[in-house]
Protein chains: 2
Amino acid sequence: MATVSIKEVARRAGVSIGTVSNVLNHPDAVAVATRRRVLDVIAELGYVRNDSARQLRAGRSRTVAMVALDLGNPFFTDVMRGAEIAAETAGVNVMIFNSGEDVTRERRHLDILNEQRVLGVLITPVNETHDARLDQLVEHGIPVVLVDRGSGSHHRCSVAVDDVLGGQLAADHLRELGHPRVAFVGGPLSIRQVSDRYAGFTAALAGGPQIRLVATTNLTVAAGRAAGQEIADLPAAERPTAVFCANDLLALGLLQEMTSRGVRVPHDVAIVGYDDIEFAAAAAVPLSSIRQPREQLGRAATQLLLEEVNEPDKHQHRHVVFRPELVVRQSSEPVPTKRRK
Amino acid sequence: MATVSIKEVARRAGVSIGTVSNVLNHPDAVAVATRRRVLDVIAELGYVRNDSARQLRAGRSRTVAMVALDLGNPFFTDVMRGAEIAAETAGVNVMIFNSGEDVTRERRHLDILNEQRVLGVLITPVNETHDARLDQLVEHGIPVVLVDRGSGSHHRCSVAVDDVLGGQLAADHLRELGHPRVAFVGGPLSIRQVSDRYAGFTAALAGGPQIRLVATTNLTVAAGRAAGQEIADLPAAERPTAVFCANDLLALGLLQEMTSRGVRVPHDVAIVGYDDIEFAAAAAVPLSSIRQPREQLGRAATQLLLEEVNEPDKHQHRHVVFRPELVVRQSSEPVPTKRRK
DNA sequence: CGCCGGAACTGAAACGTGTCAACCGTGCCC
DNA sequence: GGGCACGGTTGACACGTTTCAGTTCCGGCG
């Protein structure tokens, strides 16, 4: 129970402390016999290196941290997976923190990371705006990479997905299907992702079909149901024939409401969601959606981070933007009958 | 950029190192004027404490770690949330690690936690069997609490949910509805959770309706669809009138397959899932399910852990078992017509 | 006036490593 | 046989804290 230190190992093995240290860090530099003996003692005593002491000596940790905005959201767990893979291949450890959209908690986490002298930080900050604490990290030589927050700042790297393009992909798809009336369901527009998707959507449809904006207060299934109610209640002549949702949750709620009211999907209304979450494909009517390369996002972020860690001088800050991808499923499939004008 | 240490602060403030340390840790012990001066210098220099050095001195960290089996699974993110809340109120930090069902990665994480001299570890191990590495932690004075793994071991605490009772709840529900033929969908039975649910289910129905076991190779939506196919293909006289799924994902797949084949839910077949995941309520037909107190699980685990941390001597290892809860929704509602015999 | 006590502060030791210059011995080459 | 190179090992120092026994200073009391 009393933790055994390198000193004790050295004593029991009849060698100096330095030799034990060498066995662990530079095994080649020590004679095979001594090495064996030391390793035996280590095993016998159950000696475990003290990371605090190592870090103190080294001045730097060997782990990177990811501060996720909301680990309940599959988006971030996928990003995390990508980060873990990239870190693993680089021989670096990842520890995860969850801010849960709570600024206070985020701050506390960042303070701790600063005190821990972490290798680097991957973060999706709660506030899109400049956070002094992030600058503080950078000033202390801890690289920061923003995830899914396209801060145009040149002080750090960032990775993101092109949400404008995502909206555009949905728009192009619906335009090709020849929909006369379309709607965008989503909100609040104060969320950049939402407004970007909306912007891309409307821009790509300019001069085309009539666009209705159905604003929601959040991005939940319940909000989707409410939007569905609003849309279903419209007179048939005004009702959109296709809906693009800012989110798969909205789309699922919408789908559910439509189905329960006898509005057929995609027959009467086509639906396209966003995110391609696991349940999109498993919905009652499999959902078309815009897929984001989430794992890749995490991988790229980690690579940028490690690049900066390893070559702080040569490093040029970059902003990597990934392209989302349209996944067509049944909810927006062209309907075989010539019902559609 | 060059990190500034307490020494530099002391020099600039014209005091000794010890005084600066006191300002930080025992503010009352230092005169108000000096305190002010030191704090000013700290702010001016942007001094940040070196956690490695503190820990080295203290011999112990101030954070607990949670090693989750699969953060992609909402079950664990909810447990995590509970743990974070409990830790927060105790003034302790939580860092999350994800083993992703990978033994190698789990081992690596545990080694690191051991080296970090973490306060304690919350873990759902990949293998149900005794892992030497966990014992190693305990031997080094690091308490371990098992989450959702009811190891009867008396070497550590554990928290879990009574899966047998869960199966029983589903059974009682279906029995009350008077179903003549029921089925259990799930597998592999080598997973303790699955076999427990099955055991509770069959035990509670003993002497009652006929029970069919539809074994699946995993717990995914796809497996649920396959099971749905198998069930729908049965001759009407043999087809179960109610199905209990080991998992909501299975239930969703099953539901989807049934609906697409014109088998009405709950009219022709009632469905009860397990876990009450977010999408259970949002399914085309809202899904009845067995809910587990997931956040509470995390809170309890953390409390047990901290209790052991704070009073290692008085501490008695305990195994807390929570009761799951039946949530009835449309998928198993009694059908008003007297169609059912 | 001398002494005492307490508040405020100091200085050094210790925590467990990694590193690195110095040292030792052995075998080889000339 | 003497010097040299080199593999193997040692010992001391430094990393940045916290802690604690001392030291200093000062006001109050006998």
Side-chain angles (χ1 to χ4, degrees), chain A residues 1-39 41-42 45-63 111-112 114-118 140-142, chain B residues 1-39 41-42 45-63 111-112 114-118 140-142:
Chain A
M1 50 185 192
T3 41
V4 10
S5 77
I6 204 177
K7 202 182 301 178
E8 176 71 6
V9 174
R11 204 179 57 77
R12 293 274 273 255
V15 298
S16 79
I17 293 182
T19 299
V20 178
S21 176
N22 275 334
V23 168
L24 292 157
N25 302 301
H26 309 284
D28 299 331
V30 37
V32 58
T34 0
R35 197 195 310 166
R36 266 276 306 275
R37 193 150 34 98
V38 170
L39 287 176
V41 175
I42 286 180
L45 262 51
Y47 163 71
V48 173
R49 296 205 271 207
N50 185 321
D51 201 48
S52 309
R54 299 186 72 193
Q55 283 195 36
L56 174 58
R57 184 73 237 278
R60 197 151 220 67
S61 143
R62 287 185 50 69
T63 53
D111 283 343
I112 292 172
N114 208 347
E115 292 185 3
Q116 307 230 90
R117 306 290 195 267
V118 174
H140 283 64
I142 299 180
Chain B
M1 48 185 194
T3 41
V4 8
S5 79
I6 204 178
K7 201 183 303 178
E8 176 71 6
V9 174
R11 204 179 58 76
R12 293 273 275 255
V15 298
S16 81
I17 291 181
T19 299
V20 178
S21 176
N22 276 334
V23 169
L24 263 34
N25 302 302
H26 309 285
D28 300 330
V30 34
V32 57
T34 5
R35 197 194 311 164
R36 265 277 307 275
R37 192 150 34 98
V38 170
L39 287 176
V41 175
I42 287 180
L45 262 52
Y47 164 72
V48 173
R49 296 205 270 208
N50 185 323
D51 200 49
S52 309
R54 298 187 73 191
Q55 284 195 35
L56 174 58
R57 185 75 235 280
R60 197 150 221 67
S61 141
R62 290 186 47 70
T63 53
D111 284 342
I112 292 172
N114 208 348
E115 293 185 3
Q116 307 227 90
R117 306 292 196 266
V118 175
H140 283 64
I142 299 180

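Letters A, B, ... mirror the listed sequences (proteins, then strands); counts begin at 1.
Contact record, A:T3 with B:R117: CG2-NE, 4.1 Å, taken as the closest heavy-atom pair. Shown here for A:R60 and A:V118, the closest heavy-atom pair between the two residues is NH2-O, 4.2 Å. Between A:R37 and A:A13, the shortest heavy-atom distance links the atoms NH1-O, 2.5 Å. The two residues B:V15 and B:T34 have their closest heavy-atom pair at CG1-CG2, 3.9 Å. The shortest heavy-atom contact between A:Y47 and A:V4 is CD1-O, 3.2 Å. In plain terms, the two heavy atoms of A:V23 and A:P27 that are nearest each other are O-CG, 3.5 Å.
Sequence neighbours left out, not one pair with a member in residues 15-29 of chain A passes salt bridge (Lys or Arg N to Asp or Glu O under 4.0 Å).
Taking atom CD1 of A:I6 as the reference point, atom P of D:dT9 lies 15 Å away to the nearest angstrom. Residue A:R36 contributes atom CZ, which lies 16 Å from atom P of D:dG8 at whole-angstrom precision. Rounded to whole Å, the distance from CZ on A:R117 to P on D:dG16 is 9 Å. The distance between atom CG of B:D51 and atom C1' of D:dG16, rounded to the nearest whole Å, is 11 Å. Rounding to whole angstrom units, CD1 of residue B:I17 and P of D:dA21 are separated by 19 Å.
Annotation: side chain to side chain contact (heavy atoms under 4.5 Å, CB included) contacts of A:I112 (sequence neighbours excluded): A:Q116, B:N93. Looking at residues two or more places apart in sequence or on another chain, you find a side chain to side chain donor-acceptor pair (under 3.5 Å) between A:R11 and A:E8. The side chain to side chain contact (heavy atoms under 4.5 Å, CB included) check on A:R54 picks up A:N25, A:R49, A:D51, B:E115, with sequence neighbours excluded. Annotation: side chain to side chain donor-acceptor pair (under 3.5 Å) contacts of B:T63 (sequence neighbours excluded): B:S61. Every residue two or more places apart in sequence or in another chain that forms a side chain to side chain contact (heavy atoms under 4.5 Å, CB included) with A:R36 is listed here: A:D40. For B:N22, the side chain to side chain contact (heavy atoms under 4.5 Å, CB included) criterion is met by B:H26, not counting sequence neighbours.
Phosphate contact (OP1/OP2 of D:dT18, side-chain N/O of B:R54, threshold under 4.0 Å): present.
Of the inter-residue distances, the one linking B:T19 atom OG1 with B:L24 atom CG reads 11.5 Å to the nearest 0.5 angstrom. To the nearest 0.5 angstrom, B:I6 atom CD1 is 12.5 Å from B:L45 atom CG. Going from atom OG of A:S52 over to atom CG of B:N50 covers 9.5 Å, rounded to the nearest 0.5 Å.
The nucleotide range of DNA chain C contacted by chain B, defined by atoms under 4.0 angstrom from heavy atoms of the protein and reported 5' to 3', is C:dA8 to C:dG16.
Contacts of residues 18-25 of chain A with DNA chain C (heavy atom under 4.0 Å): A:G18, A:S21, A:N25. Of the residues in residues 26-33 of chain B, those lying under 4.0 Å from DNA chain D by heavy-atom distance are B:H26.
Note on the helix from C:dC1-D:dG30 to C:dC30-D:dG1: angle between the axes of the first and last five pairs equals 70°, rounded to 10 degrees.
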Please produce a list of atom pairs where a protein N or O lies less than 3.5 Å from an N or O of nucleotides 13-15 of chain D.
none

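At a threshold of 4.0 angstrom between heavy atoms, the contacts of A:S52 with the nucleic acid are absent.
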